[in-house]
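For reference, the structure is listed below as structure tokens.
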Amino acid sequence: MSTVLAALAVGIPALALALSSTAVAAPGVPEPSHPGDDSAGSQILRHEGTSRTGVALPATWGTEGVDVSSHQRNVAWSAVRKSGVRYAYIKATESTSYRNAYFAQQYNGSYKAGIIRGAYHFATPNTSSGATQAKYFLAHGGGWSKDGKTLPGALDLEYNPYGATCYGLSHQSMVNWVRDFSRTYKAKTGRDVVLYTSTNWWKSCTGNNSGFARTNPLWVPHYGSSVGVLPAGWKLQTMWQYTSKGAAVGDHNRFNGNIDRLKALANG
């Protein structure tokens with residue numbers, strides 16, 4: 001009997017470590033009630049401010065992009081491309097209960113217009129696990145293909161539209177949730193998911209964790225003429241959402257490189 005108990009005792013720490021590696025959603029948390037209002041930067045605007053008149057960056061620096069959601073409805077992508085936009089991120093999903101009704105027009109339309117496109121998922125880390133939401137995202141437009149015109153999927157992490165800023169999760173639980181989503185996405189696509197997050201939110205909700213900087217591209221929102229301080233670990237941003245009031249549809253972003261580097265990111 002003592003041998004069995006000793007064996008069990010040895011196994012307990014390993015079991016506890018395994019259980020702690022995945023953030024589990026709190027039971028009874030309702031699904032999002034207004035997901036159509038939640039988009040990349042919607043809560044950044046509420047909590048960190050906005051660029052009221054928009055920002056015009058030098059055309060010679062980086063590559064121009066936009067991001068859209070159901071709020072923009074059907075987009076005239078040919079006109080968007082003529083304005084100088086070369087890539088777009090489109091909201092596909094939120095939690096495990098919402099799909100953008102305009103996703104097909106936005107995702108396929110941008111592709112047909114010659115715009116490099118990608119999909120993003122609006123995270124609600126308190127409604128289900130990272131793996132569960134990654135699978136839902138992958139099943140509803142969040143995949144990746146090596147065609148030179150599809151960017152890796154993005155995970156939108158920002159202030160909770162429905163309650164506590166960090167969704168009731170501790171720093172470590174949030175890090176575990178993001179890792180769970182990221183690993184699940186990579187296992188299916190072979191690509192590291194792009195992380196969309198502001199420095200302030202990342203500090204508040206992950207304790208400024210630096211563990212994703214070596215693997216996950218950073219898409220950072222900071223409205224103004226400079227990108228500002230980045231989250232821990234990242235020396236450079238891959239993309240910068242610099243205004244919510246651009247000349248063309250949706251929020252405007254700038255990829256940190258020329259079109260060839262953008263294509264390289266798409267190709268993996």
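Because the structure is a prediction, the values reported are computed rather than measured.
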Stepwise side chain to side chain contact (heavy atoms under 4.5 Å, CB included) check, Y89 with V194: CA-CA 11 Å; Y89 265 102; V194 174; 3.6 Å; yes
Test side chain to side chain contact (heavy atoms under 4.5 Å, CB included) applied to L265 and F255, step by step: CA-CA 10 Å; L265 176 63; F255 175 77; 3.9 Å; yes
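- Counting Ile, Leu, Val, Met, Phe, Trp and Tyr side chains that sit under 4.5 Å apart, directly or through other members, V229 stands alone, with no cluster partners.
- Y98 contributes atom OH, which lies 9.5 Å from atom OG1 of T93 (distance to the nearest 0.5 angstrom).
- Contact record, A119 with G141: CB-O, 3.4 Å, taken as the closest heavy-atom pair.
- Within the 3.5 Å criterion, the main-chain N or O of N126 finds no donor-acceptor partner in the side chain of T124.
- Listed by first then second residue, pairs satisfying side-chain hydrogen bond (donor to acceptor under 3.5 Å, both in side chains) with a partner in residues 140-153 read R99-H140, R117-T150, S145-D147, D147-T150, not counting sequence neighbours.
- Put simply, the side chain of N160 does not reach to within 4.5 Å of the side chain of C166, judged on heavy atoms.
- With sequence neighbours excluded, the residues forming a side chain to side chain contact (heavy atoms under 4.5 Å, CB included) with T96 are E31, S128, T132, Q133, Y136, listed by chain and number.
- Contact annotation: the side chain of W219 approaches that of D67 to within less than 4.5 Å [non-hydrogen atoms, C-beta and beyond].
- Remark: K186 pairs with D192 by the salt bridge (charged side-chain N to carboxylate O under 4.0 Å, His left out) rule, at least two apart or across chains.
- Using the six-membered ring where Trp is involved, F137 and H121 have ring planes that are tilted, between 30° and 60° apart.
- A distance of 7.5 Å separates CG of N209 from CD of Q172, quoted to the nearest 0.5 Å.
- A side-chain donor-acceptor contact under 3.5 Å links S198 to the backbone of W201.
- Residue Y159 is grouped with residue V175 when hydrophobic side chains (ILVMFWY) are merged at heavy-atom distances under 4.5 angstrom, including chains of intermediate members.
- N100 places no side-chain N or O within donor-acceptor distance of the main-chain N or O of S69, the cut-off being under 3.5 Å.
- Interatomic distance, CG of L195 versus OG of S182, reported as 6.5 Å (0.5 Å rounding).
- L230 and M239 end up in the same hydrophobic cluster when Ile, Leu, Val, Met, Phe, Trp and Tyr side chains are linked at under 4.5 Å.
- Put simply, NE2 on H171 and OG1 on T206 are 7.0 Å apart, with the number rounded to the nearest 0.5 Å.
- In this structure the side chain of N256 never reaches within 4.5 angstrom of the side chain of W240, judged on heavy atoms.
- Separating the NZ atom in K135 from the NZ atom in K188 is a distance of 10.5 Å, to the nearest 0.5 Å.
- Looking only at side-chain heavy atoms (C-beta outward), E158 and Y196 come within less than 4.5 Å of each other.
- Counting side-chain heavy-atom gaps under 4.5 Å among Ile, Leu, Val, Met, Phe, Trp and Tyr, the cluster of V80 also holds V66, V68, V75, W77, V85, I90, F103, Y107, I115, V249.
- Shown here are the side-chain hydrogen bond (donor to acceptor under 3.5 Å, both in side chains) partners of S170, two or more places apart in sequence or in another chain: S173.
- Within the 3.5 Å criterion, the main-chain N or O of G257 finds a donor-acceptor partner in the side chain of T63.
- Remark: of the listed residues N176, T184, D180, D180 is the sole one forming a side-chain contact (heavy atoms from CB on, under 4.5 Å) with S129.
- In this structure the side chain of L157 reaches within 4.5 angstrom of the side chain of W202, judged on heavy atoms.
- Residues P125 and M174 have side chains in contact (heavy-atom distance under 4.5 Å, counting atoms from C-beta outward).
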Stepwise side chain to side chain contact (heavy atoms under 4.5 Å, CB included) test for Y167 and Y162: CA-CA 8 Å; Y167 299 85; Y162 303 98; 5.8 Å; no
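- Taking the side chain as every heavy atom from C-beta outward, V220 and Q241 never approach each other to under 4.5 Å.
- Residues E64 and R86 are not paired through a salt bridge, judged by the lack of any N-O separation under 4.0 Å between the basic side chain and the carboxylate.
- Note on L155: it clusters hydrophobically with L169, by side-chain heavy-atom contacts below 4.5 Å among ILVMFWY residues.
- A donor-acceptor pair is defined here as one N or O able to donate and one able to accept, closer than 3.5 Å; no such pair exists between the side chain of S95 and the backbone of S97.
- Residues Y223 and Y242 fail the side-chain proximity criterion, which asks for heavy atoms closer than 4.5 Å.
- Rounding to the nearest 0.5 Å places CG of N216 at 12.0 Å from OG1 of T197.
- Under the 4.5 Å side-chain heavy-atom criterion for Ile, Leu, Val, Met, Phe, Trp and Tyr, I259 and L151 are members of the same hydrophobic cluster.
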